[in-house]
Protein chains: 2
Amino acid sequence: MSPVLTQRKIASAAVTLIQSRGYRALTMSALAEQLGVSASALYNHVGSKRDIMILIQDRVNQDIDCSAFESEPWDVALDQWARSYRGVYIRNIPLIPVMAVLPVANSPHTLRMYEKVATGLTRAGWPEPWVVNTIVAVESLVFGSAYDAVAPENIFDPGELSDIAPVFSAAVAHRDLLLDSVPGDDAADAPEVPRAPSPADVAFDVGLRSLLAGFRLALDALHDRAAAD
Amino acid sequence: MSPVLTQRKIASAAVTLIQSRGYRALTMSALAEQLGVSASALYNHVGSKRDIMILIQDRVNQDIDCSAFESEPWDVALDQWARSYRGVYIRNIPLIPVMAVLPVANSPHTLRMYEKVATGLTRAGWPEPWVVNTIVAVESLVFGSAYDAVAPENIFDPGELSDIAPVFSAAVAHRDLLLDSVPGDDAADAPEVPRAPSPADVAFDVGLRSLLAGFRLALDALHDRAAAD
DNA sequence: ACCTGAACACCGTTCAAGT
DNA sequence: ACCTGAACACCGTTCAAGT
């Protein structure tokens, strides 16, 4: 018979709890209750709540879509990866501080994701020393944009202080004029129902497009320099 | 005579406390003790601990250097702003989740910062609807990169799992070959002592340069299109 | 109007005691 | 080896009582 508690079961219960009641409800007590066990029993299988967050993170990262690296050009693949990545972390905001500073050493699924991305970039001709930095830059934009996406819609409304910032206030008021051909933030697992793009989606789109355009220039420059030798 | 407690004094005491003992030590009790007052007294002037974080954030944002927007081309100014911004938030990581989702309405200094940036971009010919999205994209990269900067150095070390990810592991091992002409993460207030650039600094540099290169292309394209009319 | 002191409703974590 | 129940050491916040 299988043991009452395992890291696997704890992680599953945690994900279930989060999906039904959100991260705020993820306490050691609630998690133990969900598993029909006392809170202290959890500490026979994990060292801390942070360990549980790490288990969740490795599980959640499996939902990030890396498939494009097998078939598409590197920039298209990076674009799709980044959008899927952002979608996942918009739904898992409290994981961002964990994922962003977490050594990858004990997260097999996360490592598999990086392997796919690194392979795609390498095959496309990116020099080895650039690969990780390119990945990190995209991830940084993704994490920051995920935060922005969960901010209140009126985050830049200057309110009563618009006198202080007239130029900025006008720019905020006209921000929405850019909602033309921007893809919505449809998640990897719900492509049937693409929501209308929010201002945050537009900002991410602008940033990601520009970043990728810059990457293309950088890669071309690297190849030109290499060809000159 | 001035009152015993004000929002201003609370914010000052909080900043002092953080500088001497770090964010972990910022509790309502410790803050009250620093002010020679009981913890419950604080609630006569702020609604919650989050309110105090907001006060801190508006104060900390004054340290971000926006001066380049008055004299330099927009892309150079954006570059300097982003680097200073990142330096400040590397030292104030717990403010990131606050700042990223916080309505700007009651943060006068933050609003002044945005006004300088928006003015600089507008004067340089950026169309009004693009201004906020450009700012948000840079900020997103900055926040994500700040997290990356406080991660352990060996964050991408695959450890025992390097079999799973050979290509990625090789890329991680050769990541440091890019530390040539990258500026260190010297903060705005300590330019005398530029530390050697870390891998995180390099990744941010790569990302920011690429993002700005992409922005230049986008702006040129916008102007070309406008000129064709 | 504003401060005190006690209390409340939580947290994550530890540990002796059981089986 | 693993679980229970009680306890510990904190949190942020509330509120009657004082002045």
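None of these values were measured; they are calculated from a predicted model. Quick note on labels: first sequence line is chain A, next is B, and so on, each numbered from 1.
- Salt bridge absent: A:Arg86 and A:Asp148 never bring a charged side-chain N and a carboxylate O closer than 4.0 Å.
- When rounded to the nearest whole Å, the span between CE of B:Met53 and C1' of D:dG12 equals 13 Å.
- Residue A:Ser38 is in base contact, counting any heavy-atom pair closer than 4.0 Å across all strands shown.
- The CD atom of A:Glu33 sits 17 Å away from the P atom of D:dC3 (whole-angstrom rounding).
- Within 6.0 Å of the CD atom in A:Gln62, the count of heavy atoms belonging to other residues, nucleotides or ligands exceeds 12.
- One interatomic measurement links the two molecules: CD of A:Gln7 to C1' of D:dC2, which rounds to 15 Å at whole-angstrom precision.
- Distance NZ (B:Lys9) to C1' (C:dC3): 14 Å, rounded to an integer number of Å.
- Using a cut-off of 4.0 Å between Lys/Arg side-chain N and Asp/Glu carboxylate O, A:Arg83 and A:Asp65 are scored as not salt-bridged.
- Closest approach to the A:Asn44 side chain among D:dC11, C:dG12, D:dC2 is made by D:dC2 (side chain taken as heavy atoms from C-beta onward).
- More than 12 heavy atoms of other residues, nucleotides or ligands sit less than 6.0 Å from atom CG of A:Asp157.
- For the pair A:His45 and D:dC3, the criterion of a side-chain N or O lying under 4.0 Å from OP1 or OP2 is met.
- Rounding to whole angstrom units, CG of residue A:Leu26 and C1' of C:dG12 are separated by 12 Å.
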Worksheet item: In the 5'-to-3' direction, what one-character label does each nucleotide of nucleotides 14-19 of chain D receive under the scheme B = base within less than 4.0 Å of a protein heavy atom, S = sugar-phosphate only, - = no such atom?
Response: BB----
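- Under 4.0 Å is where a charged nitrogen must lie from a carboxylate oxygen, and between A:Arg209 and A:Asp79 no such pair does.
- Here the P atom of nucleotide C:dT13 and the CG atom of A:Leu31 are 12 Å apart, to the nearest Å.
- In this structure, A:Tyr114 and B:Phe168 have parallel ring planes: the angle between them is below the 30° cut-off, well short of the 60° mark.
- Closest to the side chain of A:Met28, from the set C:dT4, C:dT13, D:dC2, is C:dT13.
- Rounded to an integer number of Å, the gap from A:Tyr23 OH to C:dC11 P is 17 Å.
- Not less than 6.0 angstrom separates the ring centroid of B:Phe143 from the ring centroid of A:Tyr147.
- For A:Asn106, the CG atom sits in a loose shell: 12 or fewer heavy atoms of surrounding residues, nucleotides or ligands are nearer than 6.0 Å.
- Of the candidates C:dT4, D:dG5, D:dT13, D:dT13 carries the atom nearest the B:Ser48 side chain, counting heavy atoms from C-beta on.
- A:Leu42 has its CG atom 11 Å from the C1' atom of C:dT13, to the nearest Å.
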Worksheet item: Pairs counted as Watson-Crick or G-U wobble with both distances under 3.5 Å: what dot-bracket string results for DNA chain D, using | for bases tied to another strand?
Response: ||.|||||...|||||.||
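- Interatomic distance, A:Leu42 CG to A:Ile52 CD1, rounded to the nearest 0.5 Å: 5.5 Å.
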